[in-house]
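Reading through the structure tokens given below for one structure.
FYI, side chains are in, hydrogens and waters are out, and symmetry mates aren't considered; it's all heavy atoms of this structure. As the structure is a computational prediction, the values presented were derived from the model and not from experiment.
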Amino acid sequence: MLPARVLAVAPLALVILALSGCSSWGCTDTTAKRGKAGVRVQVVNTYGQPRGVTAEVVDWRLEPHPQVPSRGDKVHFHFRFDGADEYSGPAVDACAVDKERVALRCQTIYSSEAWPEPDGARTGDDWLTVEHPEQVAGVLLIPNDQSYDRRACDQDPKDGGGPHPPEPPSRGDQL
């Protein structure tokens with residue numbers, strides 16, 4: 001009689017474990033698709049939904065960095081985030097590209113590290129070091145928010161998993 005009761009209760013126990021998050025059976029990692037790069041982009045979350053923030057490369061130029069002018073020209077660019085605040089603002093990847101939109105160098109820029117402006121925007125500047133500065137044709141932004149990446153299933157089977165931002169672009173990636 002005891003085995004019949006155990007068999008009757010076992011499915012219910014499994015359902016309770018699964019619903020409580022104590023089961024790793026349902027943990028799945030996904031990676032968001034990289035959005036189309038541009039000079040001005042609507043920032044999107046890992047589900048591809050707009051965050052209500054616009055990021056823009058305001059201008060760029062080649063010039064020596066003032067702290068290390070002997071190292072030659074670097075890509076100096078200014079950016080702007082509209083709709084971001086200093087605490088929960090997004091981060092996007094900025095890339096120096098050639099005329100074919102091939103990434104020469106990329107790095108993540110954070111709206112939270114930019115300066116607040118009277119109009120509510122956040123502005124900043126940064127530098128990209130590229131091997132051949134003469135090849136730079138522009139600076140583009142990737143619209144995917146990189147500011148938060150949850151833990152993966154293999155790191156945390158109970159609370160991890162779900163959508164993750166795309167991998168940052170690498171040198172040679174077509175944008």
Side-chain angles (χ1 to χ4, degrees), residues 21 24 26-62 65 74-117 119-133 135-175:
S24 63
C27 191
T28 305
D29 287 310
T30 59
T31 301
K33 182 179 176 199
R34 183 183 295 159
K36 182 171 174 48
V39 172
R40 181 179 168 94
V41 297
Q42 289 291 324
V43 180
V44 297
N45 65 18
T46 52
Y47 296 99
Q49 300 167 336
R51 289 211 43 202
V53 176
T54 301
E56 177 181 13
V57 174
V58 178
D59 66 16
W60 70 274
R61 63 188 165 279
L62 295 175
H65 191 288
K74 311 288 183 205
V75 180
H76 185 200
F77 66 101
H78 291 86
F79 58 88
R80 175 182 177 98
F81 285 92
D82 286 299
D85 63 52
E86 73 178 296
Y87 301 109
S88 62
V92 296
D93 290 319
C95 299
V97 297
D98 68 11
K99 63 183 177 181
E100 305 295 327
R101 296 175 57 110
V102 173
L104 302 172
R105 177 73 187 261
C106 300
Q107 70 184 37
T108 304
I109 56 172
Y110 295 84
S111 63
S112 60
E113 295 176 0
W115 302 285
E117 298 293 332
D119 66 358
R122 300 190 66 80
T123 61
D125 72 310
D126 217 328
W127 299 80
L128 294 165
T129 301
V130 296
E131 192 172 333
H132 299 286
Q135 293 179 349
V136 177
V139 177
L140 300 178
L141 302 175
I142 311 289
N144 304 86
D145 186 1
Q146 297 288 336
S147 66
Y148 175 72
D149 189 10
R150 66 183 347 123
R151 294 175 61 91
C153 291
D154 62 350
Q155 298 166 324
D156 187 351
K158 181 177 177 277
D159 297 321
H164 300 275
E167 289 295 318
S170 299
R171 183 175 175 213
D173 286 359
Q174 179 75 44
L175 303 180

[X]: what forms a side chain to side chain contact (heavy atoms under 4.5 Å, CB included) with it, not counting sequence neighbours?
X	result
Glu131	Arg171
Asp85	Tyr87, Ser88
Pro133	Leu62, Asp73, Val130
Ser112	Tyr110

Interatomic distance, [X] atom [atom1] to [Y] atom [atom2] [nearest 0.5 angstrom]:
X	Y	atom1	atom2	result
Asp82	Ser111	CG	OG	11.0 Å
Ile109	Phe79	CD1	CZ	4.5 Å
Asp145	Thr108	CG	OG1	10.0 Å
Asp59	Asp125	CG	CG	9.5 Å
Asp173	Ile142	CG	CD1	8.5 Å
Glu117	Arg122	CD	CZ	9.5 Å

Heavy-atom pair of closest approach, residues [X] and [Y]:
X	Y	result
Val75	Ala96	CG2-CB, 4.2 Å
Pro166	Ala32	CB-O, 3.4 Å
Trp115	Gly124	CZ3-CA, 3.2 Å
Ala94	Phe77	CB-CZ, 3.7 Å

Stepwise side-chain contact (heavy atoms from CB on, under 4.5 Å) check, His164 with Asp29: CA-CA 7 Å; His164 300 275; Asp29 287 310; 2.7 Å; yes
Ring geometry between Trp127 and His65 (parallel below 30°, tilted from 30 to 60°, perpendicular above 60°):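 Correct class here is tilted.
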[Y] side chain reached by [X] side chain, heavy atoms, under 4.5 Å:
X	Y	value
Val139	Val97	no
Gln135	Leu104	yes
Pro169	Leu175	yes
Lys74	Arg61	no

Heavy-atom donor-acceptor pair, Glu100 side chain to Gln174 backbone, under 3.5 Å: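 Such a contact is absent between Glu100 side chain and Gln174 backbone.
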Salt bridge (charged side-chain N to carboxylate O under 4.0 Å, His left out) contacts in which one or both residues fall within residues 101-111, not counting sequence neighbours: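 The answer is none; no pair qualifies.
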Distance-only side-chain donor-acceptor flag, Gln107 / Asp93, under 3.5 Å: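 Short answer, no.
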CA sep, side-chain torsions, deciding dist, call: Trp60, Leu128, side-chain contact (heavy atoms from CB on, under 4.5 Å): CA-CA 10 Å; Trp60 70 274; Leu128 294 165; over 6 Å; no
Derivation of the side-chain contact (heavy atoms from CB on, under 4.5 Å) call for Gln146 and Val92: CA-CA 6 Å; Gln146 297 288 336; Val92 296; 5.9 Å; no
Just list the side-chain donor-acceptor pairs under 3.5 Å for residues 34-44, sequence neighbours left out, or say none.
| residue | atom | partner | partner atom | Å |
| --- | --- | --- | --- | --- |
| Arg34 | NH2 | Glu167 | O | 3.2 |
| Arg40 | NH1 | Glu56 | OE1 | 3.1 |
| Gln42 | NE2 | Thr54 | OG1 | 2.8 |

